[in-house]
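Basis for what follows: all heavy atoms, side chains included, without hydrogens, waters or symmetry-related copies. In listed order, ligands and their atoms are each counted from 1.
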Amino acid sequence: MQKITNYINGKAAEPTAGNYLDNPNPATGKTYSLCPDSDAADVQLAVEAALAAKTSWANTTAEQKFQVMSKIADLIDRDNERLALAETTDQGKPLWLSRNEVTRAAQNFRFYATATMQMASEAHITENQAVNYTIRQPIGVVGCISPWNLPLYLFTWKIAPALAAGNCVVAKPSEVTPMTAYLLGELCIEAGLPAGVLNIVHGLGPKVGQALVEHPQVKAISFTGGSATGKHLAATAAPMLKKLSLELGGKNPNIIFADCDLEKTLKTSINSSFLNQGEICLCGSRIYIERSLFETFKTRFLELVKRLKTGNPLEDDTRIGAIVSQQHFDKVMACIAIAKAEGGNILTGGNSVQLEGELADGWYIQPTVFEGLSVDCKTQQEEIFGPVVTLTPFDTEEEAIALANSNSYGLAASIWTENLSRAHRVSAAVDSGIIWVNCWLYRDLRTPFGGMKNSGVGREGGWEAIRFFTEAKNICIKL
Ligand code: NDP
C-alpha cells in the first residue's frame with residue numbers, strides 16, 4: 001500500500017515515530033494509502049528546516065522566486081491528470097471537477113509568482129520636513145493549515161502568497177485528504193525549490209496543527225477550516241500575539257428576486273447548491289425566493305435536481321460524487337434527520353445512495369431539498385457542508401435582507417435580479433465578505449476573499465494576502 005511521506009528540508013521524510021493513519025477512498029470506503037500520523041517532533045524538524053532557509057529565501061531575488069514558483073505552476077499543469085485522479089481518489093469529487101481545481105492550483109502559483117515581480121514600497125512626504133517610506137518585509141516562518149474540501153486548491157492558495165512574500169512555510173493539509181499535498185512536495189523538489197523553504201507535515205489537527213500553532217518560532221498562521229476550530233486556534237495564538245488569518249465556515253444565502261433571469265438563476269443555483277457534493281464553504285445552502293416566483297422556481301429547480309447523477313466520481317456524467325469520509329457522511333445524514341424533526345418537508349432526496357460492486361461501501365448522499373423550515377431552526381442556522389439546501393419564500397426586499405442576515409455566518413451571498421438599483425442596495429445591506437450578483441463562484445484572484453461574523457477574520461487574495469504575510473516597516477527620515 002502506498003505510504004505518503006512528509007516533505008521536510010527538501011526531502012521526503014517518514015514521521016519520526018513511524019506511525020501512520022489509514023487513508024480511505026471515499027468512493028469505495030476502502031483504505032488505499034497510509035498518511036503519516038506525525039507529531040510535535042516532526043513539526044519541530046520542519047520549523048528548524050524553515051528557520052535555516054529563511055534568510056536565504058528572503059534575500060532571493062524577485063526574478064529567482066518568480067522562476068521557481070512559475071516552474072511549480074508549470075509542473076502542476078503538466079501533471080494535471082495525475083493530480084486530478086489523486087484528488088478524486090482522496091476526496092470523492094467528480095474527476096472533471098478535480099481537473100478544474102488542479103488548474104486553479106497552478107493558477108495560484110502562477111498568480112503569486114508574478115506578484116513577486118510587482119511588489120513596491122510606499123512613500124509619504126511630510127511637507128518638506130520628512131520623508132517616510134514603508135517597506136514590507138517577510139515575517140519569517142509561517143504556518144498554513146488547510147481543510148479537506150478543495151485540498152490542493154486551498155493549500156496552494158495559502159502557500160503561494162506566503163512564499164512570494166519571502167517567508168518559509170510549514171504547511172499542514174487535512175489528514176482526510178493528504179495525497180495531492182504529498183505530490184506537490186515531489187513537484188517542489190523537481191522544480192528546484194530550495195530545501196526548507198516549504199515543509200509539509202501530515203497528520204491530525206490536534207497533534208500536528210496544534211503543535212504548529214503553539215510553536216514560538218512560527219510567527220503567523222493562515223488557517224482555513226471550521227469556525228469552531230478557528231476559535232480554538234485564535235484562543236491558542238492570541239496570547240502569543242501571532243498574526244492570524246481565519247477563513248471559516250459559511251451558511252450562505254442565495255437570494256432570488258422575481259425579476260431575475262430565471263434560466264441563468266436555475267443553472268447557477270444547481271451548482272451553488274450541489275457542486276463538490278455541497279462541500280464548498282461558498283455554497284448557497286439557504287435559497288430565498290420572492291413569493292411570486294416561488295412555485296415556478298421550485299418546480300423547475302426540482303426537475304433539474306432530480307436529473308443530477310450521484311455516482312462513480314470517475315464517470316464524466318456524475319454530478320455528485322462521494323462524501324469525503326464516513327464521519328462526514330454520518331454528520332450530513334444526522335443533519336437531514338434533524339431537518340425532518342424540525343418539521344422540514346423533503347421535496348427531493350433525503351437518503352443515502354447505495355451503489356454496486358466496488359463502490360458498494362462508498363459514502364453517497366442524494367441531493368436533498370427542504371422547504372417549510374423556520375428561519376431560526378438549526379438547519380437554517382448551522383453549516384451542513386453537504387448536498388442539502390432549503391427553500392424559503394419572501395415578500396419584500398427588506399425581508400430578503402433580514403433573512404440573509406439572520407445567520408451568524410457572513411462569508412458569501414448571491415443576489416439574482418435584473419434591477420440594477422436593487423442589486424446595489426441589497427449588496428450593500430447583506431453582511432457578507434463576498435457578494436455575487438447574477439453569478440456564483442466567479443473569481444478574480446486579485447479581489448479580497450474572506451468573511452464577516454463567524455466566517456472569519458482577515459482577507460486572502462491579491463495584495464491582501466501579501467500584506468498578511470509581511471510586516472510593514474515605516475522609515476521616517478527628517479529632512
Ligand atoms: P476543520 O476545522 O476540522 O479542519 C481544518 C484544518 O485544521 C485541518 O487541517 C485540521 O486537521 C486542522 N485542525 C483541526 N484541529 C486543529 C487544531 N487544534 N489546531 C490546528 N489545526 C487543527 O475543518 P474541515 O477540514 O472539516 O473543513 C471544513 C470546514 O472548512 C467547513 O466549515 C468549511 O466551511 C470551511 N472552509 C472555509 C473556507 C473559507 O475560505 N472560508 C474554504 C473551505 C472550507 P484535521 O483534518 O487533521 O482535523
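Using a non-hydrogen distance threshold of 4.0 Å, Gly230 does not register as a contact of ligand 1.
Around atom NZ of Lys378, no more than 12 heavy atoms belonging to other residues, nucleotides or ligands sit under 6.0 Å away. Annotation for Lys30: atom NZ counts as buried by contact number, over 12 foreign heavy atoms lying within 6.0 Å. With a 6.0 Å radius and a threshold of 12 heavy atoms from other residues, nucleotides or ligands, Arg446 has its CZ atom at or below the threshold.
Which parts of ligand 1 touch Ser174 is read off a 4.0 Å heavy-atom cut-off, strictly below it: atoms 9 (O), 46 (O). Ligand 1 places these atoms under 4.0 Å from at least one heavy atom of Trp148: 24 (P), 25 (O), 26 (O), 27 (O). Under a 4.0 Å criterion applied to the non-hydrogen atoms of Phe223, ligand 1 contributes the atoms 2 (O), 5 (C), 6 (C), 7 (O). Residue Gln210 has at least one heavy-atom neighbour below 4.0 Å for each of these atoms of ligand 1: 17 (C), 18 (N), 19 (N), 20 (C). Every atom of ligand 1 is numbered from 1 in the order shown, and the set under 4.0 Å from a heavy atom of Leu154 is 42 (C), 43 (C). Applying the 4.0 Å criterion to heavy atoms of Asn149 picks out, from ligand 1, the atoms 43 (C), 44 (C). For ligand 1 and Leu204, the ligand atoms under 4.0 Å from any heavy atom of the residue are 47 (O). Shown in contact with Gly203 at under 4.0 Å from a heavy atom are these atoms of ligand 1, numbered in order with element: 47 (O).
Scanning the protein heavy atoms around atom 35 (C) of ligand 1, the nearest turns out to be Gly225 O, 3.2 Å. Looking only at heavy atoms of the protein, atom 37 (C) of ligand 1 is closest to Leu248 O, 3.1 Å. Nearest protein heavy-atom neighbour of atom 21 (N) of ligand 1: Gly209 CA, 3.5 Å. Of the protein's heavy atoms, Cys281 CB, 3.6 Å lies nearest to atom 36 (N) of ligand 1. Scanning the protein heavy atoms around atom 17 (C) of ligand 1, the nearest turns out to be Gly205 O, 3.5 Å. With respect to atom 28 (C) of ligand 1, the closest heavy atom belonging to the protein is Phe385 CE2, 3.6 Å. Nearest protein heavy-atom contact of atom 45 (P) of ligand 1 is Glu175 OE1, 3.0 Å. Nearest protein heavy-atom contact of atom 15 (N) of ligand 1 is Thr229 CG2, 3.4 Å.
Each of Asp37, Asp39, Asn19 was checked for a side-chain hydrogen bond (donor to acceptor under 3.5 Å, both in side chains) with Lys207, and the lone residue meeting it is Asp37. For the side-chain contact (heavy atoms from CB on, under 4.5 Å) test with Phe223, the passing option among Val213, Leu244, Leu246 is Leu246; the others fail. Exactly one residue among Glu14, His202, Lys3 makes a side-chain hydrogen bond (donor to acceptor under 3.5 Å, both in side chains) with Tyr20. That residue is Glu14.
Residue Leu282 does not touch ligand 1, judged by heavy-atom distances below 4.0 Å. Using a 4.0 Å cut-off between heavy atoms, Ser146 contacts ligand 1 through its backbone alone, with no side-chain atom that close. Of the heavy atoms in Glu383, only side-chain atoms (C-beta onward) come closer than 4.0 Å to ligand 1. Residue-level proximity to ligand 1 for Thr224 is carried by backbone and side chain together, each with a heavy atom below 4.0 angstrom. Only the side chain of His232 comes within 4.0 Å of ligand 1, counting heavy atoms alone; its backbone N, CA, C and O stay farther away. The proximity of Leu150 to ligand 1, defined as any non-hydrogen pair under 4.0 Å, does not occur for either the backbone or the side chain.
Side-chain atoms of Asp376 and Gln380 include no donor-acceptor pair closer than 3.5 Å. Under 3.5 Å, the side chains of Asn6 and Ser38 contain a donor-acceptor pair of N or O atoms.
Not a single donor-acceptor pair under 3.5 Å links the side chain of Lys93 to the backbone N or O of Val324. Ser174 places a side-chain N or O within 3.5 Å of a backbone atom of Val176 that can act as its donor or acceptor partner. With Thr88 contributing its side chain and Leu85 its backbone, the two residues share no donor-acceptor pair below 3.5 Å.
The shortest N/O to N/O separation between Leu411 and ligand 1 does not fall below 3.5 Å. Looking at ligand 1, you won't find any N or O of Ser227 less than 3.5 Å from one of its N or O atoms. Checked against a 3.5 angstrom limit, the closest N/O atoms of Gly226 and ligand 1 fall inside it. The N/O atoms of Pro147, backbone and side chain alike, include none that comes under 3.5 Å of an N/O atom in ligand 1. Note: no N/O pair closer than 3.5 Å links Ser455 and ligand 1 by distance alone.
Atoms CD and CH2, from Gln91 and Trp148 in turn, are 6.5 Å apart once rounded to the nearest 0.5 Å.
Phe449 and Trp157 have perpendicular rings, their planes meeting at more than 60° on a 0 to 90° scale where under 30° would count as parallel. Classified by interplanar angle (parallel below 30°, tilted 30° to 60°, perpendicular above 60°), the ring pair Trp440/Trp436 is perpendicular.
Glu315 has a carboxylate O that lies under 4.0 Å from a charged side-chain N of Lys309, or vice versa, which qualifies the two as a salt bridge.
Annotation for Ile4 and Pro178: closest pair CD1-CG, 3.6 Å, computed over non-hydrogen atoms.
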